[in-house]
Amino acid sequence: GAVVSQHPSWVICKSGTSVKIECRSLDFQATTMFWYRQFPKQSLMLMATSNEGSKATYEQGVEKDKFLINHASLTLSTLTVTSAHPEDSSFYICSARDSIITDTQYFGPGTRLTVL
Amino acid sequence: QKEVEQDPGPLSVPEGAIVSLNCTYSNSAFQYFMWYRQYSRKGPELLMYTYSSGNKEDGRFTAQVDKSSKYISLFIRDSQPSDSATYLCAMSWAGKLIFGQGTTLQVKP
């Protein structure tokens with residue numbers, strides 16, 4: 001149980017275009033999902049917390065207009081990188097929390113974004 | 001000082017060895033403690049979670065928490081080459097997870 005999927009697993013796009021990444025909880029309902037960014041050989045950096053039916057909460061330094069998050073249902077959250085630039089190239093990982101008691105998060109497999 | 005400190009390694013051990021991975025933390029408000037395993041270019045996989053001081057065992061893995069010393073450990077018995085990965089400790093607070101830097105483990109056949 002507790003499976004989280006992400007799509008696509010990798011994407012290459014041109015500078016200036018937008019890219020949408022989907023995160024789905026497959027076997028549980030997640031009122032809260034999280035989006036992380038990870039650079040090579042570094043730990044995960046939380047970008048934003050996404051709550052179903054409400055606006056996302058962004059971490060300090062994360063541009064909300066650049067990284068649009070939508071959590072329209074209990075099983076789906078999307079991250080759209082708008083007007084992507086090469087510096088946005090990174091590994092993006094989502095997670096879903098299955099319990100508000102333990103704060104346990106289950107992670108998706110990640111999406112590798114390369115902006116040319 | 002970071003809230004969670006974890007030696008990044010790398011740690012290299014022979015197959016069959018007992019591995020000890022550790023994290024220290026400074027915030028006594030942390031309630032839940034987790035260990036994740038991350039293979040290269042993959043998302044983290046939850047290995048263990050615990051919330052009280054003491055030991056929790058699952059197969060070859062044992063998670064240990066010492067809240068008085070603000071110290072957590074993950075022990076891997078009979079380590080296998082397939083255990084080669086980065087291990088991240090994580091602690092929950094205010095609805096978020098605070099991660100350690102991750103320890104890279106290599107188990108040599």
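Order of the sequence lines fixes the chain letters, A, B, ..., with proteins taken first and strands second; residue numbering starts at 1 for each chain. The structure displayed is predicted, hence computed values, not measured ones.
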Next on the checklist: Do A:Glu59 and B:Lys96 have side chains that approach each other closer than 4.5 Å (heavy atoms only, starting at C-beta)?
Outcome noted: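 Touching, per the 4.5 Å side-chain cut-off.
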Checklist entry - If we only count heavy atoms from C-beta on, is the B:Lys42 to A:Ile93 side-chain gap below 4.5 Å? => result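 No, side chains not in contact.
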Can you confirm whether more than 12 heavy atoms, excluding those of [X], are under 6.0 Å from its [atom1] atom?
X	atom1	value
A:His7	NE2	no
B:Arg77	CZ	yes
A:Lys66	NZ	yes

Is there a path of hydrophobic side-chain contacts, each under 4.5 Å between heavy atoms, that joins [X] and [Y]?
X	Y	value
A:Leu68	A:Leu46	no
A:Tyr58	A:Met33	no
A:Met45	B:Trp93	no
B:Phe99	A:Val4	yes

To the nearest 0.5 Å, what is the distance between [atom1] ([X]) and [atom2] ([Y])?
X	Y	atom1	atom2	result
B:Leu97	A:Phe34	CG	CZ	6.5 Å
A:Gln105	B:Leu46	CD	CG	10.0 Å
B:Glu45	A:Phe107	CD	CZ	12.0 Å

Checklist entry - Counting only N and O atoms by type, is there a donor-acceptor contact under 3.5 Å from the side chain of A:Arg97 to the main-chain atoms of B:Gly95? => result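 Answer holds: yes.
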Checklist entry - Is a donor on one side and an acceptor on the other found under 3.5 Å between the side chain of A:Ser43 and the backbone of B:Gly102? => result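 Not at all, since once roles are kept as given, no pair shorter than 3.5 Å links the two residues.
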Next on the checklist: Please classify the contact of B:Gln38 with chain A as side chain, backbone, both or neither, using a heavy-atom distance under 4.5 Å.
Outcome noted: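 Side chain only.
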Next on the checklist: Between A:Gln42, A:Gln6, A:Gln38, who has the most heavy-atom pairs with chain B when the cutoff is under 4.5 Å?
Outcome noted: A:Gln38
Checklist entry - Taking B:Tyr39, B:Tyr36, B:Tyr51 one by one, which has the highest count of heavy-atom pairs under 4.5 Å against chain A? => result B:Tyr36
